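Everything numeric in this text was worked out from a predicted model, so none of it was measured.
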Amino acid sequence: MEKIIPCSLKDQEVFQRVWQRVMAGREDCGCPIEAIPHGMEGDISCRRLEELVRLNAGRPAEDGAALEESPAPEPQPEPMPPSEEAPAPEPPEAEQPPAEAEALPQPEGPHRGNDLPRLWEEPQPVDDRTARLRRQVMEALEGWQFYRHLARRARGADARVLNTLAGELHRSARRLSAAYFLITGLRYWPSELLSAPAIPSYWGALRRRHQLEQQQESAFRLAADDWEDPDMLELYGELGEGCQRRCRQLRALLEQDLT
């Protein structure tokens with residue numbers, strides 16, 4: 001015997017609402033529950049209710065599963081927004097070694113990086129001591145030039161002696177130029193004014209140079225009388241002795257070559 005599951009009026013009302021929602025907008029969308037024959041009001045079996053649906057709507061029996069209103073889905077908790085990860089701390093920068101102090105430029109040659117003092121000014125009165133120093137520097141450079149050219153006319157030991165004398169006069173010119181700078185703060189080295197000396201005769205050149213050395217010695221002795229500075233007195237004394245020494249060497253060359 002078929003088991004009858006009573007369908008209450010409440011279930012029929014639920015069916016009507018579901019049917020109207022499903023069949024909205026279609027033709028002949030009347031709910032089959034309204035066509036129940038007289039005398040069948042009240043509780044009816046669910047199977048009978050499915051048959052009435054098929055007869056009145058022509059829908060397959062499978063659609064009866066939609067008769068019952070599906071329960072509202074339980075609200076799902078909103079997903080939490082992904083937590084922003086705090087940026088990883090940057091590794092500490094390696095400490096740079098302190099920069100070494102820039103080394104001072106080293107002097108290169110006599111120019112010291114072209115940091116030269118200012119050139120000398122126009123000549124001052126002849127009796128001025130600084131003007132006399134400039135003249136003595138020029139005379140020493142001229143003697144250096146003279147001995148160099150004279151050494152090219154000689155041979156052997158004579159050439160070596162003359163080159164040595166040239167070196168002595170070059171050092172004398174440097175010492176006089178340094179003294180001039182200490183006094184005035186100006187440099188004086190007029191090597192660009194030198195020219196090739198005239199040497200018509202080798203023997204005559206030796207004689208002429210001997211006379212100039214004697215005159216220069218006397219000039220150094222007189223110049224020392226105008227100075228009280230001990231450095232200048234020492235300088236002129238040593239330069240005068242150098243003139244005497246060169247005179248002896250020149251005399252020795254003449255003595256050897258003339259005999």
Give a yes or no on whether V161 and L212 share a hydrophobic cluster (residues Ile, Leu, Val, Met, Phe, Trp, Tyr; joining criterion: side-chain heavy atoms under 4.5 Å apart).
-> no
Under a 4.5 Å cut-off applied to non-hydrogen side-chain atoms, are R129 and L133 in contact?
-> no
Between R148 and Q145, a side-chain donor and acceptor under 3.5 Å = yes
Which pairs, with at least one residue in residues 200-221 and sequence neighbours excluded, count as a ring pair (Phe, Tyr, Trp, His ring centres under 6.0 Å)?
-> F220-Y236
Linking I/L/V/M/F/W/Y whenever their side-chain heavy atoms sit closer than 4.5 Å, directly or via other members, would L222 and I183 fall into one cluster?
-> no
Pairing of R209 and E213 as salt bridge, 4.0 angstrom limit | yes
What's the verdict on salt bridge (Lys or Arg N to Asp or Glu O under 4.0 Å) for R245 and E241, showing C-alpha distance, side-chain angles and the deciding distance?
-> CA-CA 6 Å; R245 183 173 58 255; E241 293 176 0; 5.8 Å; no
Are Q214 and C247 side-chain neighbours, meaning at least one heavy-atom pair lies under 4.5 Å?
-> yes
Take D231 and L235, measure what side chain to side chain contact (heavy atoms under 4.5 Å, CB included) needs, and give me the verdict at the end.
-> CA-CA 6 Å; D231 291 338; L235 173 62; over 6 Å; no
What is the distance from atom CG of L206 to atom CG of L150, rounded to the nearest 0.5 Å?
-> 5.0 Å
Flag, side chain of S177 to backbone of A173, donor-acceptor distance under 3.5 Å = no
Could you name each residue pair satisfying ring pair (Phe, Tyr, Trp, His ring centres under 6.0 Å) that touches residues 136-171, not counting sequence neighbours?
-> W144-H170, H170-W189
Between CG of L250 and CG of L162, what distance do you get to the nearest 0.5 Å?
-> 7.5 Å
4.5 Å side-chain heavy-atom contact, Q256 and D158 | yes
Test item: L186 and Y180 side chains (from C-beta on) under 4.5 Å apart, heavy atoms = yes
CD (E142) and CZ (R135) are apart, to the nearest 0.5 Å, by 11.5 Å
Taking it one step at a time, do E255 and R251 satisfy salt bridge (Lys or Arg N to Asp or Glu O under 4.0 Å)?
-> CA-CA 6 Å; E255 292 172 355; R251 187 183 299 110; 5.0 Å; no
Inspect the contact between D226 and R132 and indicate whether a charged nitrogen and a carboxylate oxygen are less than 4.0 angstrom apart.
-> yes
Separation of Q216 CD from S172 OG (nearest 0.5 Å) = 9.0 Å
With a cut-off of 6.0 Å (strictly less than), are more than 12 heavy atoms of other residues, nucleotides or ligands near CZ of R207?
-> no
To the nearest 0.5 Å, how far apart are CG in L239 and CD in E168?
-> 11.0 Å
Joint cluster assignment, L233 & L176, ILVMFWY side-chain distance < 4.5 Å = yes
Euclidean distance, L182 CG relative to M232 CE, rounded to 0.5 Å = 9.0 Å
